[in-house]
Amino acid sequence: GIEGALNARNEGAPIIMAAANHLGGSRYLVVSNDIKDPKDLVGKKLAITEDPENDPEWIKWASKLGIPVEKDKYQIIKMSQKDCPMALKSGQISAFSCCDPFASQCEYQGLGRVVAVGWGGTIDETKEKNDHKHGWGMCCIYAMNENFKKEHPEVAKRLLVAHAMSIKYLYDHPYNAAMMFADGFGTAPEVGLMTIYMKTIAEGRTLTWEFNQENIDNFVKQYDEYKIDKKFRPKTDKLGEFVNLNFVKESGIESFSDFTKEDKIDEKFPIGISFKDWLKKAKEIDGIKNEVGNNIKIPEVYKEQK
């Protein structure tokens with residue numbers, strides 16, 4: 001996560017952002033099945049940010065859903081994302097905010113439903129969704145110890161190449177990658193498939209090793225947009241030291257757009273392809289002959305780009 005890493009840099013940790021991992025970074029607001037209208041959340045137990053009035057994501061969601069922003073309108077509790085789906089099912093909470101796979105898990109298992117999606121920064125709607133160089137903010141990053149990079153420059157470059165190769169595999173073999181993801185998170189194969197589809201198709205090509213200054217600027221811009229108090233913002237005093245815009249090129253890794261062109265990603269899995277067609281092609285590539293994922297329906301709210 002870029003916020004934690006950036007704050008650590010400002011506290012003296014020798015950490016740098018060596019490459020991107022997930023631009024934008026969709027997050028979700030999931031509600032229990034007994035919440036028929038967002039206004040029913042008022043007064044209920046929510047596992048969300050502790051300071052909603054100073055969180056751009058929550059402010060956007062509250063505005064869109066027509067519910068109060070103020071924390072005193074809810075019972076806010078702290079809970080790990082992995083525990084939230086079962087807490088939602090058992091009635092301990094009425095809503096929670098999360099990344100995937102936990103939102104997809106709730107949708108797939110019928111534990112709750114997604115009512116809002118956040119994109120981790122400003123999206124320039126005049127740009128194509130697969131133009132990752134414009135519009136997106138930052139979510140998750142490839143962080144590295146600056147001292148390690150200085151002391152072992154060639155190994156550092158090789159690690160960055162390995163990171164890029166992992167992302168390439170995910171695009172080239174999405175079914176196998178989804179199974180690895182599901183296994184790593186201990187969730188259902190179908191949830192893994194939903195997550196990979198979101199990150200590579202529905203959102204756009206948000207999983208990438210490439211980033212630029214505009215992505216960083218958009219990450220900061222969202223806090224300016226809502227006039228968030230300085231004490232609740234990521235500490236940007238050492239942002240210039242933290243961000244390494246040149247390391248990817250120095251490592252000899254090709255541009256992400258060259259990769260998608262040369263590996264024919266846009267031809268095999270074009271932006272906008274339906275989940276059904278994506279899954280069929282993904283299974284063909286990896287020689288899979290089973291029914292896993294054939295019953296999945298992607299919620300419409302997942303597809304919103306605002």
Side-chain angles (χ1 to χ4, degrees), residues 1 20-31 57 80-86 88-89 96-120 129-130 132 136-142 163 166-209 260 265 268-283 285-286 288 290-305:
N21 185 51
H22 191 191
L23 300 181
S26 59
R27 285 175 49 80
Y28 310 92
L29 181 64
V30 185
V31 302
E57 183 177 76
S80 68
Q81 292 184 31
K82 66 182 180 65
D83 294 328
C84 285
M86 292 308 297
L88 198 73
K89 181 180 181 181
F96 70 97
S97 58
C98 65
C99 301
D100 248 346
F102 309 108
S104 292
Q105 179 183 341
C106 287
E107 285 279 359
Y108 177 69
Q109 296 180 350
L111 307 179
R113 70 185 193 283
V114 174
V115 294
V117 182
W119 301 102
K129 280 197 290 181
N130 62 341
H132 69 284
W136 291 104
M138 291 298 310
C139 170
C140 303
I141 68 171
Y142 189 84
H163 172 58
S166 299
I167 293 176
K168 289 180 182 181
Y169 184 87
L170 190 146
Y171 280 97
D172 284 327
H173 298 277
Y175 184 91
N176 281 350
M179 295 305 102
M180 294 177 192
F181 179 91
D183 183 61
F185 275 89
T187 190
E190 290 84 355
V191 175
L193 289 166
M194 291 172 73
T195 301
I196 299 303
Y197 176 77
M198 278 298 299
K199 306 304 177 194
T200 61
I201 301 295
E203 294 176 8
R205 314 294 194 201
T206 58
L207 292 173
T208 176
W209 55 86
T260 57
I265 301 301
K268 291 182 288 188
F269 302 110
I271 295 292
I273 188 174
S274 69
F275 178 83
K276 181 179 178 180
D277 291 340
W278 173 85
L279 180 61
K280 181 180 178 181
K281 174 63 76 172
K283 287 184 175 182
I285 287 173
D286 288 329
I288 306 299
N290 61 28
E291 299 298 312
V292 174
N294 291 357
N295 62 335
I296 292 175
K297 291 184 179 179
I298 299 296
E300 286 300 315
V301 69
Y302 274 40
K303 303 172 185 177
E304 295 180 6
Q305 288 295 318

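Fair warning: this is a prediction, and the values are worked out from it, not measured in the lab.
Residues N290 and K283 meet the side-chain proximity criterion, which asks for heavy atoms closer than 4.5 Å. Side chains of L193 and F181 form no contact here, defined as non-hydrogen atoms less than 4.5 Å apart. The shortest side-chain heavy-atom distance between F269 and I285 falls under the 4.5 Å cut-off. Using a 4.5 Å heavy-atom threshold, the side chains of Y28 and M198 count as touching. Residues Q81 and R27 are in side-chain contact: their nearest non-hydrogen atoms beyond the backbone lie under 4.5 Å apart. Between E107 and V114, some side-chain heavy-atom pair lies under the 4.5 Å cut-off. Taking the side chain as every heavy atom from C-beta outward, W209 and K168 approach each other to under 4.5 Å. Residues P85 and F96 are in side-chain contact: their nearest non-hydrogen atoms beyond the backbone lie under 4.5 Å apart.
One finds the CD atom of E291 at 11.0 Å from the CD atom of E190 (value rounded to the nearest 0.5 Å). How far CD1 of I196 is from CG of L279: 12.5 Å, rounded to the nearest 0.5 Å. From L207, atom CG reaches atom OG of S166 across 11.5 Å, with rounding to the nearest 0.5 Å. Taking OH of Y108 as the start and CD1 of I298 as the end, the distance is 11.5 Å to the nearest 0.5 Å. Going from atom NZ of K199 over to atom SG of C139 covers 7.0 Å, rounded to the nearest 0.5 Å. We find the OG1-CD1 distance between T200 and I167 to be 12.0 Å, quoted to the nearest 0.5 Å.
Across all non-hydrogen atoms, the minimal contact from S274 to Y197 is C-OH, 3.7 Å. In plain terms, the two heavy atoms of I265 and D172 that are nearest each other are CD1-OD1, 3.2 Å. Shortest non-hydrogen contact noted between P101 and T187 is CB-CG2, 4.3 Å. When all heavy atoms of A20 and M138 are compared, the pair lying nearest together is CB-CE, 4.1 Å. Across every non-hydrogen atom of P189 and V292, the tightest pair is CB-CG1, 3.8 Å. For the pair L88 and C106, the tightest heavy-atom approach, listed with the atom from each and the gap, is CD2-SG, 4.2 Å.
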Derivation of the side-chain contact (heavy atoms from CB on, under 4.5 Å) call for W136 and T206: CA-CA 8 Å; W136 291 104; T206 58; 3.7 Å; yes
Worked verdict on I271 versus R205 for side-chain contact (heavy atoms from CB on, under 4.5 Å): CA-CA 8 Å; I271 295 292; R205 314 294 194 201; 3.8 Å; yes
Derivation of the side-chain contact (heavy atoms from CB on, under 4.5 Å) call for H163 and N21: CA-CA 9 Å; H163 172 58; N21 185 51; 3.2 Å; yes
Test side-chain contact (heavy atoms from CB on, under 4.5 Å) applied to F185 and T195, step by step: CA-CA 11 Å; F185 275 89; T195 301; over 6 Å; no
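The one candidate from Y169, Y175, Y171 that meets the ring pair (Phe, Tyr, Trp, His ring centres under 6.0 Å) condition with H173 is Y169.
Residue-environment remark: NZ (K89) stays at or below the threshold of 12 foreign heavy atoms within 6.0 Å.
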